[in-house]
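Only one structure is covered here, and it is reproduced in the block below.
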Amino acid sequence: MKKKNRLIYLPLGGSGEIGMNMYLYGYGLPGKEYFILIDVGVTFPNMSSTPGVDLIMPDTEFVEENKNRLLGVFITHAHEDHIGALGHLSDRFDVPIYCREFTAQIALSKLNRVGADGKEVTIVKEFPNSVELAPFKISFIPISHSIPEASSLLIETPIGFIVHTGDFKIDKTPVLGDPFNEKLLLEIKKLNVLALICDSTNVYSKSPGRSEQSLESEITRLIKGQSGAVVATTFASNVARLLTLAKCAQSAGRSILVIGRAMQTMISTTSAVGLLKSFPPTISVEDSLEIPRSNLFILATGSQGEGRAASAQLARDKYMDVILQEGDCFLFSSKTIPGNETSVSKIINELTERGISVIDDQSDRYHVSGHANRPDLEVLHQILNPKLIVPMHGEHRHMREHQLLAQSNGHKSVVVPNGTILEIASDGSSRVIDKVSTGRIYLDCGQLISSNDGIVKTRLQMASRGHISVSLLLEKNIILNDGVWVKSKGLTADTNSNNEFEASIEDALELDLNMLNDRELYDDDLLENRIQKTVNKVCQRNIGKKPITTIFINRVD
């Protein structure tokens with residue numbers, strides 16, 4: 001039977017979690033498809049599951065295996081969960097990178113940071129301009145979100161048009177960035193949209209989303225009502241919120257200090273491309289120390305509890321020379337991403353212990369989301385009326401709820417988790433045809449490592465089980481006096497001290513090893529197994545666990 005060309009969709013990140021977005025579209029004969037890659041995002045580690053890791057990225061093995069048929073990378077916008085891995089992974093793709101101007105500036109900074117010149121970055125104007133990479137034709141559709149020049153993508157394929165929303169909200173009066181353009185989307189509807197691949201983040205939020213502009217009066221009132229310094233934190237990339245907060249502070253008669261490199265970079269980059277023309281004047285740290293606290297407003301990075309960001313440093317002690325005092329106010333003008341609750345709570349507790357009042361995101365008076373709420377999703381479904389709706393950008397529960405919402409309004413819909421290859425037919429029907437491995441890539445100590453390497457797993461085991469080092473010193477096949485040495489870390493023994501606990505292991509090892517014959521003492525593998533068993537036996541008896549054990553066998557001539 002003659003094979004036919006097919007259209008496939010493969011999420012590699014972002015479909016099963018919020019963050020780490022990476023999506024692949026392919027068209028062609030089975031096994032010979034040409035591909036475009038949408039977004040190269042990251043997610044952030046936590047001590048409970050990824051201790052010591054700096055960043056987490058999608059596994060790119062499938063992309064690399066097919067990179068001779070990868071035509072280009074398209075970045076929808078400059079949030080870290082869509083662009084954060086670009087500098088680390090771009091050399092694995094070696095293809096052009098397409099994005100709008102503001103996103104391009106962020107892309108270039110990330111590439112320059114890793115020593116790349118960024119010549120592969122191409123700035124694309126919005127629709128009706130397009131990039132033709134046969135068999136695809138791709139246009140950037142301006143959409144409202146919480147960062148300048150966010151875009152949905154209109155992807156023309158030989159069997160129909162796909163709209164990949166990226167992150168979006170319905171905001172017709174944004175403080176900064178593109179408004180929601182219903183007229184343009186209605187024009188796109190006339191193309192008879194085949195599939196809508198759609199943001200699912202806020203599917204459980206039942207009220208229509210609010211405009212960024214709606215925050216100004218409440219935030220201004222809050223700032224005016226404070227007698228001490230006011231600190232506000234939000235996502236560094238939410239430039240519209242930074243502008244809102246700064247203008248409110250200015251209206252309240254306060255001088256503005258911006259601390260944290262990410263925030264400063266975003267403000268300068270947005271200004272450099274001409275998108276931010278009215279940001280109030282800011283002051284230096286040195287000048288802020290001379291200003292009465294009732295006249296000081298601080299914008300600080302670290303809304304998600306990042307340990308090295310400005311907010312965390314202010315909560316612990318100070319940032320540079322800036323110190324918070326009793327009577328100051330700290331505002332979280334942001335939503336806490338699931339998984340970051342513990343880190344954020346730690347900062348809140350540290351602040352309140354010092355007499356600083358904290359206002360978080362619970363009331364929704366000082367934050368609006370950059371994502372479409374449930375009613376807004378229905379509006380987009382109705383405007384575009386696609387043959388198929390595929391939820392993305394969410395945990396599995398978000399995508400399943402989005403599917404049910406679409407189906408309740410008469411749309412075909414399917415949930416496609418990371419690693420699932422979906423074939424989409426011209427009539428909007430679809431079927432799962434294969435699955436690929438979707439692990440993780442960790443940035444750790446400046447190196448990229450696979451989640452399958454076991455390094456992080458070993459750290460977790462050491463954290464929960466402790467660690468013991470055993471050194472054995474032999475001369476030929478004779479264990480020397482004091483030739484068995486044990487050192488433990490992260491263990492609490494039932495004996496009076498760690499020295500006694502370690503001595504009990506040494507005694508048990510000497511007794512056991514002295515029972516071996518000459519041949520066995522020459523066999524390093526046998527010695528390691530015997531030492532491991534003895535250590536496990538003693539530790540299980542004394543402390544109820546088996547530590548990670550590192551064994552050194554040293555032989556002298």
Side-chain angles (χ1 to χ4, degrees), residues 7-15 19-28 31-43 54-100 103-124 130-140 151 153 155 157 162 164 166 197 392 418-419 421 436-444 446-452:
L7 173 64
I8 61 175
Y9 163 71
L10 168 60
L12 295 169
S15 286
M20 203 175 65
N21 293 277
M22 182 179 284
Y23 308 92
L24 200 64
Y25 292 90
Y27 185 84
K32 297 182 180 179
E33 296 93 348
Y34 286 92
F35 296 101
I36 55 172
L37 187 67
I38 312 300
D39 290 336
V40 188
V42 299
T43 192
D54 299 311
L55 287 175
I56 305 173
M57 310 166 213
D59 186 354
T60 56
E61 181 179 359
F62 183 86
V63 181
E64 293 175 62
E65 288 175 350
N66 295 277
K67 75 174 187 176
N68 61 318
R69 288 179 278 113
L70 179 65
L71 304 173
V73 174
F74 292 79
I75 307 297
T76 59
H77 64 285
H79 276 150
E80 287 297 297
D81 61 331
H82 293 259
I83 197 175
L86 188 64
H88 304 291
L89 299 180
S90 63
D91 61 348
R92 299 188 177 202
F93 308 144
D94 194 26
V95 292
I97 299 164
Y98 301 95
C99 45
R100 293 175 69 187
T103 307
Q105 297 304 313
I106 303 300
L108 287 168
S109 70
K110 291 187 177 299
L111 292 166
N112 293 339
R113 210 173 295 158
V114 296
D117 57 16
K119 63 182 180 181
E120 63 269 47
V121 175
T122 300
I123 296 174
V124 182
S130 62
V131 176
E132 293 194 39
L133 298 174
F136 301 102
K137 186 177 179 180
I138 304 97
S139 299
F140 286 81
S151 299
L153 296 177
I155 306 169
T157 78
I162 294 172
H164 181 103
I197 317 299
M392 65 160 182
N418 292 333
I421 301 179
V436 302
S437 173
T438 51
R440 299 286 185 266
I441 295 174
Y442 297 145
L443 177 66
D444 187 278
Q447 303 294 317
L448 296 180
I449 61 174
S450 170
S451 58
N452 297 323

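The structure places CD of Gln447 at 11.0 Å from CG of Asp54, a figure rounded to the nearest 0.5 Å. Tyr442 contributes atom OH, which lies 7.5 Å from atom CZ of Arg440 (distance to the nearest 0.5 angstrom). Rounded to the nearest 0.5 angstrom, Leu108 CG and Glu120 CD are separated by 8.5 Å. Note: Ser437 OG to Glu61 CD = 6.0 Å, rounded to the nearest 0.5 Å. Interatomic distance, CD1 of Ile441 versus OG of Ser450, reported as 7.0 Å (0.5 Å rounding). Atom CD1 of Ile97 and atom NZ of Lys119 lie 12.0 Å apart (nearest 0.5 Å).
No donor-acceptor distance shorter than 3.5 angstrom exists from the side chain of Asp81 to the backbone of Thr43, with no hydrogens or angles considered. The closest donor-acceptor contact from the side chain of Gln105 to the backbone of Thr103 lies at 3.5 Å or more, if one exists at all.
Thr438 has its side chain out of reach of Pro58: every pair of non-hydrogen atoms, C-beta onward, lies at least 4.5 Å apart. Between Ile83 and Asp39 the shortest side-chain heavy-atom distance does not fall below 4.5 Å. Side-chain atoms of Leu448 and Leu443, non-hydrogen and from C-beta on, do get closer than 4.5 Å to each other. The shortest side-chain heavy-atom distance between Ile138 and Val124 does not fall under the 4.5 Å cut-off. Side-chain contact check for Phe140 versus Leu153: some heavy-atom pair is nearer than 4.5 Å. Residues Pro11 and Met392 have side chains not in contact (no heavy-atom distance under 4.5 Å, counting atoms from C-beta outward). You'll find the side chain of Tyr23 stays beyond 4.5 Å of the side chain of Ile197, heavy atoms only.
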Evaluate the criterion side chain to side chain contact (heavy atoms under 4.5 Å, CB included) for residue pair Leu133 and Tyr98; output intermediate values, then yes/no. CA-CA 11 Å; Leu133 298 174; Tyr98 301 95; 3.8 Å; yes
How far apart are the C-alpha atoms of Val436 and Asp59, what are their side-chain angles, what is the distance that settles it, and do they pass the side chain to side chain contact (heavy atoms under 4.5 Å, CB included) test? CA-CA 10 Å; Val436 302; Asp59 186 354; over 6 Å; no
Can you check side chain to side chain contact (heavy atoms under 4.5 Å, CB included) on Val40 and Arg92, steps first, answer last? CA-CA 12 Å; Val40 188; Arg92 299 188 177 202; over 6 Å; no
Side chain to side chain contact (heavy atoms under 4.5 Å, CB included), that's the test. Do Val42 and His88 meet it? Break it down for me. CA-CA 10 Å; Val42 299; His88 304 291; 5.6 Å; no
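Taking both residues in full, the closest heavy atoms of Ser139 and Ser130 are given as OG-CB, 3.3 Å, listed atom of the first, atom of the second, then distance. Between Gly14 and Asn21 the shortest heavy-atom distance is CA-OD1, 3.7 Å. Taking all atoms of both residues into account, the shortest heavy-atom contact from Thr60 to Leu89 is CG2-CD1, 3.8 Å. When all heavy atoms are compared, the tightest approach of Met57 to Met20 is C-SD, 3.5 Å. The heavy-atom pair separating Phe93 from Lys67 by the smallest distance is O-CD, 4.2 Å. Closest heavy-atom contact between Ile36 and Phe136: CG2-CD1, 3.8 Å.
Evaluation of the side chain to side chain contact (heavy atoms under 4.5 Å, CB included) rule for Tyr34 yields Arg69, Leu71, Pro135 as partners, not counting sequence neighbours.
When the shell of 6.0 Å around CG of Asp94 is examined, it contains 12 or fewer heavy atoms from other residues, nucleotides or ligands. For Glu65, the CD atom sits in a packed shell: over 12 heavy atoms of surrounding residues, nucleotides or ligands are nearer than 6.0 Å.
No option in Ile123, Leu86, Val121, Thr122 other than Val121 meets the side-chain contact (heavy atoms from CB on, under 4.5 Å) test with Cys99. With Leu24 as the fixed residue, the side-chain contact (heavy atoms from CB on, under 4.5 Å) test singles out one of Asn66, Leu70, Ile8: Leu70.
Between Phe74 and His164, the gap from one ring centroid to the other reaches at least 6.0 Å.
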